[in-house]
Enquirer: 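To start, I am sharing the structure in question, which I have written as structure tokens.
By convention here, the first residue in the shown sequence is residue 1. From a predicted model like this one, the values you see are computed outputs, not experimental measurements.
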Amino acid sequence: ESISITISTDGQPPGERTWSNARGWPRCGTFHQGRLFAAGTKSRPSTVWATRAGDLFDFNNLRTTDDYGLEATADTDQVASIFAINAGRHLQFFASSAEFYVPSSDTEPITPRTFSLRRSTQRGCLAGLPVFDVDGAAMFIQRGGKTLREFIFTDTELAYQSNNISLLSSH
């Protein structure tokens, strides 16, 4: 007598659900350019998802046309667990080991073909605290919890800087 075992994958092709109680749910999200962006699950901490343009409930990313959803993972030498997203001058992502932004222009929207996470600074963000936009700068607490930083774009370098703006000594 033999026993056959079948392993099935829940969900629709091509595979299993990305979000679930077992794999985790996104830690953060924001609305930007008519899309809902979500990021940072338990099993995929450095991955970003976005809905189709104009449909905040459809994460379909099976096509690469400009209006479809997208999925991308931060390509770094460390696991960058994303804890916060800020829709400022650019779409900004704050992770455990670095800060990222999505390069875009004022005239061209973010699409699956143009989406890329560019690492800007490597300070890291403290989990559990929100990022605030103040006069065009994103304020966040650095990992370790002792430094308040200002994430701001500088036109002279065409890049983001993460300046220490704490008034008290870190000790």
Side-chain angles (χ1 to χ4, degrees), residues 18-19 24-42 44-61 63-76 78-143 145 147-166:
T18 301
W19 303 342
W25 299 94
R27 290 185 190 103
C28 55
T30 194
F31 298 101
H32 186 69
Q33 293 183 351
R35 297 178 188 262
L36 170 60
F37 285 84
T41 64
K42 180 174 66 172
R44 298 182 66 193
S46 53
T47 300
V48 175
W49 296 270
T51 61
R52 292 185 67 185
D55 189 347
L56 302 179
F57 299 103
D58 187 354
F59 282 88
N60 184 347
N61 63 353
R63 294 187 187 160
T64 57
T65 56
D66 289 348
D67 66 330
Y68 268 73
L70 61 92
E71 179 179 325
T73 300
D75 195 14
T76 63
Q78 301 174 6
V79 174
S81 297
I82 299 173
F83 297 131
I85 305 173
N86 184 51
R89 177 179 183 152
H90 296 103
L91 190 59
Q92 304 161 349
F93 296 87
F94 295 85
S96 57
S97 61
E99 294 75 49
F100 301 87
Y101 74 100
V102 178
S104 61
S105 71
D106 293 335
T107 59
E108 295 295 321
I110 296 172
T111 68
R113 287 185 271 196
T114 63
F115 186 88
S116 68
L117 286 171
R118 184 171 296 166
R119 183 169 55 186
S120 188
T121 61
Q122 297 183 36
R123 304 294 186 186
C125 177
L126 185 64
L129 294 176
V131 173
F132 290 99
D133 193 68
V134 179
D135 292 335
M139 304 292 187
F140 69 98
I141 302 294
Q142 183 177 332
R143 70 175 172 251
T147 306
L148 175 64
R149 294 220 169 253
E150 170 189 58
F151 191 65
I152 191 163
F153 192 82
T154 60
D155 290 322
T156 56
E157 295 180 23
L158 296 176
Y160 278 92
Q161 292 182 347
S162 187
N163 303 317
N164 179 355
I165 60 169
S166 298

Enquirer: Does a salt bridge link R89 with D155, judged by any charged N lying under 4.0 Å from a carboxylate O?
Expert: yes

Enquirer: Testing the basics here: between F37 and H32, what is the closest heavy-atom pair and its distance to 0.1 Å?
Expert: CE1-O, 3.5 Å

Enquirer: Step by step, work out the side-chain contact (heavy atoms from CB on, under 4.5 Å) result for T41 and T18.
Expert: CA-CA 9 Å; T41 64; T18 301; 5.6 Å; no

Enquirer: Would a 4.5 Å heavy-atom cut-off, applied to side chains only, mark Y101 and L117 as touching?
Expert: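 Y101 vs L117: side chains apart.
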
Enquirer: Taking all heavy atoms of G29 and all of I85, pick out the closest pair and write down the distance.
Expert: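 Closest heavy-atom pair between G29 and I85: CA-CD1, 3.9 Å.
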
Enquirer: Among residues at least two apart in sequence or on other chains, which ones pass side-chain contact (heavy atoms from CB on, under 4.5 Å) with I152?
Expert: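 With sequence neighbours excluded, I152 shows a side-chain contact (heavy atoms from CB on, under 4.5 Å) to A137, E150, N163, given in chain and number order.
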
Enquirer: Please report whether the ring centroid of F94 lies less than 6.0 Å from that of F151.
Expert: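 Between F151 and F94, the centre distance is under 6.0 Å.
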
Enquirer: Check whether any side-chain heavy atom of S162 sits under 4.5 Å from a side-chain heavy atom of Q122, and report yes or no.
Expert: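 Not touching, per the 4.5 Å side-chain cut-off.
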
Enquirer: Looking only at side-chain N and O atoms, does T73 offer a donor or acceptor that is under 3.5 Å from a partner on S46?
Expert: no

Enquirer: Kindly compute the distance separating OG (S81) from CZ (R143), expressed to the nearest 0.5 Å.
Expert: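 Nearest 0.5 Å value for the OG-CZ distance: 11.5 Å.
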
Enquirer: How far apart are the closest heavy atoms of A39 and V48, and which atoms are they?
Expert: CB-CG2, 4.0 Å

Enquirer: Under the criterion ring pair (Phe, Tyr, Trp, His ring centres under 6.0 Å), which of W49, W19, Y68 is the partner of F59?
Expert: W19

Enquirer: Do the side chains of V102 and F93 get nearer than 4.5 Å, heavy atoms only?
Expert: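 In contact.
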
Enquirer: Starting at CZ of R113, measure out to CG of D66 and round the result to the nearest 0.5 Å.
Expert: 4.5 Å

Enquirer: Under 3.5 Å, is there a donor-acceptor pair between the side chain of Q92 and the main chain of A138?
Expert: no

Enquirer: Please tell me if the side chains of P45 and R27 come closer than 4.5 Å, counting only heavy atoms from C-beta onward.
Expert: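 They are in contact (side-chain heavy atoms under 4.5 Å apart), so the answer is yes.
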
Enquirer: Kindly indicate, with the supporting measurements, whether the criterion side-chain contact (heavy atoms from CB on, under 4.5 Å) is fulfilled by I141 and T147.
Expert: CA-CA 6 Å; I141 302 294; T147 306; over 6 Å; no

Enquirer: Does R149 have any side-chain hydrogen bond (donor to acceptor under 3.5 Å, both in side chains) partners at least two apart in sequence or in another chain, and if so, which?
Expert: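 Residues passing side-chain hydrogen bond (donor to acceptor under 3.5 Å, both in side chains) with R149: Q142.
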
Enquirer: Tell me, do C28 and I82 make a side-chain contact under 4.5 Å, heavy atoms counted?
Expert: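 Yes, close enough: below the 4.5 Å cut-off.
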
Enquirer: Check step by step if side-chain contact (heavy atoms from CB on, under 4.5 Å) holds for E99 and R123.
Expert: CA-CA 7 Å; E99 294 75 49; R123 304 294 186 186; 3.7 Å; yes

Enquirer: For L36 and F57, what are the C-alpha separation, side-chain angles and deciding distance, and is it a side-chain contact (heavy atoms from CB on, under 4.5 Å)?
Expert: CA-CA 8 Å; L36 170 60; F57 299 103; over 6 Å; no

Enquirer: Residues two or more places apart in sequence or in another chain: which of them pass side-chain hydrogen bond (donor to acceptor under 3.5 Å, both in side chains) with T65?
Expert: D67

Enquirer: Which heavy atom of R35 sits nearest to which heavy atom of P112, and what is that distance?
Expert: NH2-CD, 4.0 Å

Enquirer: Looking only at heavy atoms, what is the nearest atom pair of S96 and V79, with distance?
Expert: OG-O, 3.6 Å

Enquirer: Determine the minimum heavy-atom distance between P103 and R118, stating which atoms define it.
Expert: CG-CZ, 3.6 Å

